[in-house]
Structure formats: structure tokens, C-alpha cells
Amino acid sequence: MKLIDGKDISGKVLDEIKLSIDERLKNNLKVPHLAAILVGDDGASKTYVNSKIKACERVGFKSSLFKFDDSISENELISQIQDINEDNDIDGFIVQLPLPKHINQEKILNKVSPDKDVDGFHPNNYGKMTLGIDTFLPATPAGIIELIERSEIQTEGKKCLVIGRSQIVGRPISILLSQNNSFGNSTVTVAHSRSKDLKKLCLESDIIISAIGIPEFIKGDMIKEGSSIIDVGITRVKDISSPKGYRITGDVDFKSVSSKVGYITPVPGGVGPMTISMLLKNTLKACELSD
Ligand code: GUN
């Protein structure tokens with residue numbers, strides 16, 4: 001079993017970004033500026049946004065956090081987004097999801113300028129990704145691709161099972177892995193809540209990418225010997241022995257699976273850290289495109 005160390009790989013990506021920033025500074029070029037919009041009081045969203053801001057400090061980016069109460073109206077939020085779209089100093093920004101129920105997520109994501117859409121969620125960018133045109137790839141699937149490439153996991157001709165069809169992870173990673181490129185050419189199956197006989201699908205797969213958010217759902221008897229597993233699950237599970245009162249748990253039952261797998265990502269420390277470094281990579285790209 002080989003552990004895919006996302007923390008280490010993410011650190012390498014951040015070091016590479018930092019080198020680009022040092023180079024930009026030498027050439028008197030602008031430092032990238034990432035902004036994040038956080039609406040409401042969700043604990044996990046606050047943690048993620050803070051990690052993104054901290055990563056900006058590490059590589060020498062400028063960052064801004066726009067925090068709003070969850071009583072903000074849709075129109076007020078749109079107006080804030082328009083201001084950020086027009087702010088020439090901000091190269092890229094994200095609207096942290098999920099948004100409160102009274103706000104239409106699709107409408108909001110449509111208002112983000114595609115040139116600053118470092119999450120890759122605007123339909124223009126999502127469409128480009130689907131067509132295989134260079135654009136901002138959503139951070140989590142981009143991070144998964146980076147882990148697969150840097151671990152030299154072969155995807156060509158392999159049977160790859162994506163569990164979950166979310167807009168943020170399942171759907172985009174299934175598209176990317178099926179495309180004709182160095183990290184793609186897989187035979188991809190997308191399983192979801194209506195799929196039948198998931199165990200059979202898992203047992204047939206060379207690569208499993210699980211993004212369903214059910215703690216320790218995938219057990220050792222569900223996987224093929226030597227397969228590679230990318231665990232995107234990050235569920236907070238109550239744990240009174242932990243100082244925070246919870247622990248982060250993936251979709252995969254690491255204990256029963258680890259003796260059978262070829263490669264596996266741990267949770268925490270697998271896909272999670274990669275999403276942050278890929279977001280920063282997109283922000284550097286946005287800044288470079290506006291030079
Ligand atoms: N919430 C969970 N994942 C993401 C992400 O990749 N981007 C944003 N904006 N919100 C998220």
C-alpha cells in the first residue's frame with residue numbers, strides 16, 4: 001500500500017507558486033490577490049476559508065475576506081459581487097459554498113466574472129472544461145488530477161468509478177478522467193444515489209474516487225486487490241475524545257481497505273490540502289492572464 005501524501009504534494013505545489021511569485025516580484029509584476037466571500041456562520045466553511053487565507057500568506061499572495069451575515073439578500077450579495085468584479089486589484093475570488101437557502105446558488109455563480117472565477121464554477125468555465133478548452137478547473141477535481149499525476153497512477157484504459165455526481169467534485173472529475181489527455185483516457189462510471197449494486201461496481205474498478213460524504217462507507221470487501229482509492233469525503237463525526245468534539249472522517253474505512261489497495265489518500269491530509277493549492281494556482285493563472 002502506498003499512501004498518497006496530499007499535505008506533502010500540496011506543500012510542493014505551494015512552493016512552486018511561491019517561486020513564481022518571487023520571479024514576479026523581481027520583474028516588478030503584480031502580486032496575485034485572492035478574495036473570498038463567506039456568507040453566514042457555518043463552522044466548516046469558516047475553517048476552509050481561513051485555510052485559504054493562510055495559504056495566501058504562505059505564498060505571498062494578497063487576500064481579502066468579505067464576510068456577510070446570513071440575512072444578506074440575494075440582490076445585496078449580487079451587488080457585492082459586481083463590486084469585486086470591477087475591483088482591478090482583485091485577480092480572482094470565490095463564493096464559499098454552501099450559501100443560505102434563500103439565496104439561489106446558480107444565480108450567484110453566474111454573476112462572478114468568468115475572468116476572476118478561480119473556482120471554475122461559472123457556466124462559461126464549466127463549459128470550457130467540459131469541451132477540454134484551457135480554463136480554471138474546479139479546485140477539488142484539479143487537486144485529484146494533480147495527486148494522480150504526481151503519484152504516477154496510470155489512468156489510460158483503466159476502469160475508474162466516481163461515486164457521487166456533485167457539481168463540485170463528482171461530475172467534473174468524471175469528465176476530466178474520460179478526456180483524451182495525459183491524465184485521462186479512463187473508462188469512467190459515475191455512481192450515485194440511484195445506482196444499483198455499488199459493491200459490484202467497486203470490485204470491478206481499478207480506480208475509485210469517492211465523494212459521497214458517508215463516513216467509512218467503502219470497506220475492504222468492496223475493493224479489488226491493488227486498486228487505487230481517492231477519498232474525497234470529509235465528514236465531521238462526533239468524537240468526545242477529541243478536543244474539538246469531532247474528528248474528520250473519509251468515505252473509506254481505511255483500516256479494512258489499506259491492506260488491499262495499491263494507492264490510497266488519507267483523510268485528513270489527502271485531497272483536502274490539494275484543493276487549497278489548486279485554488280491558488282488558478283489565482284496565479286488569473287493574475288498572469290491580466291498582466
Ligand atoms: N465548498 C466546498 N467545496 C468548495 C469549493 O471548492 N469552492 C467553494 N467556493 N465552496 C466550496
Side-chain angles (χ1 to χ4, degrees), residues 6 10 13 34-56 61 63-68 70 72 77-78 80-81 84-85 90-101 103-114 116-126 129 135-147 162 164-176 209-214 230-236 248-251 265 267-268 270-283 285-286:
S10 172
V13 175
L34 172 69
I37 295 180
L38 178 62
V39 182
D41 219 25
D42 179 69
S45 289
K46 274 201 245 177
T47 307
Y48 298 147
V49 167
N50 286 337
S51 306
K52 290 167 186 177
I53 303 285
K54 243 169 89 182
C56 283
F61 281 17
S63 65
S64 300
L65 175 57
F66 296 88
K67 275 164 93 171
F68 303 106
D70 61 8
I72 191 171
L77 187 57
I78 289 172
Q80 295 290 340
I81 289 174
I84 300 176
N85 281 341
I90 295 175
D91 299 288
F93 71 102
I94 61 152
V95 181
Q96 186 64 32
L97 304 176
L99 287 167
K101 289 205 168 54
I103 296 176
N104 181 327
Q105 177 179 306
E106 195 181 312
K107 200 166 162 189
I108 293 299
L109 297 179
N110 253 300
K111 299 293 176 191
V112 174
S113 161
K116 296 191 178 190
D117 171 38
V118 286
D119 251 337
F121 293 160
H122 188 282
N124 285 17
N125 291 325
Y126 215 83
M129 173 199 67
T135 187
F136 302 115
L137 296 183
T140 306
I144 294 170
I145 298 288
E146 198 78 24
L147 290 178
V162 175
R165 56 180 160 186
S166 72
Q167 195 175 314
I168 295 179
V169 188
R171 192 167 310 144
I173 193 66
S174 68
I175 292 166
L176 293 168
I209 296 175
S210 185
I212 42 169
I214 304 176
I230 310 287
D231 188 350
V232 193
I234 32 164
T235 309
R236 288 183 176 193
I248 302 293
T249 306
D251 289 350
T265 58
V267 176
V271 175
M274 293 306 296
T275 63
I276 294 172
S277 51
M278 300 322 282
L279 174 68
L280 268 54
K281 212 168 160 177
N282 276 348
T283 308
K285 181 176 179 143

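In this chain, residues are counted from 1 in sequence order. All values reported here derive from a predicted model rather than from experimental measurement. Each ligand, and each atom within it, is numbered from 1 in the order the structure gives.
Looking at Ile103 and Pro100, their side chains come closer than 4.5 Å, going by heavy atoms from C-beta outward.
The shortest N/O to N/O separation between Val95 and ligand 1 falls below 3.5 Å. In terms of polar-atom proximity, defined here as any N/O pair under 3.5 Å, Ile168 makes no such contact with ligand 1.
The closest protein non-hydrogen atom to atom 11 (C) of ligand 1 is Gln96 NE2, 3.4 Å. The protein heavy atom nearest to atom 1 (N) of ligand 1 is Leu97 O, 2.9 Å.
With rounding to the nearest 0.5 angstrom, the CZ atom of Arg236 is 5.5 Å from the CD1 atom of Ile248.
Judged by the shortest distance from any of its heavy atoms, Asp119 lies inside the 4.0 Å radius around the atoms of ligand 1. In this structure, Phe121 counts as a contact residue of ligand 1, since one of its heavy atoms falls inside 4.0 Å of the ligand.
Counting only distance, with no hydrogens or angles, the side chain of Asp119 and the backbone of Ile94 share no donor-acceptor pair below 3.5 Å. Side-chain atoms of Lys281 never come within 3.5 Å of backbone atoms of Val13 as a donor-acceptor pair (strictly under, hydrogens ignored).
The stretch residues 46-56 participates, sequence neighbours left out, in these salt bridge (charged side-chain N to carboxylate O under 4.0 Å, His left out) pairs: Asp41-Lys46.
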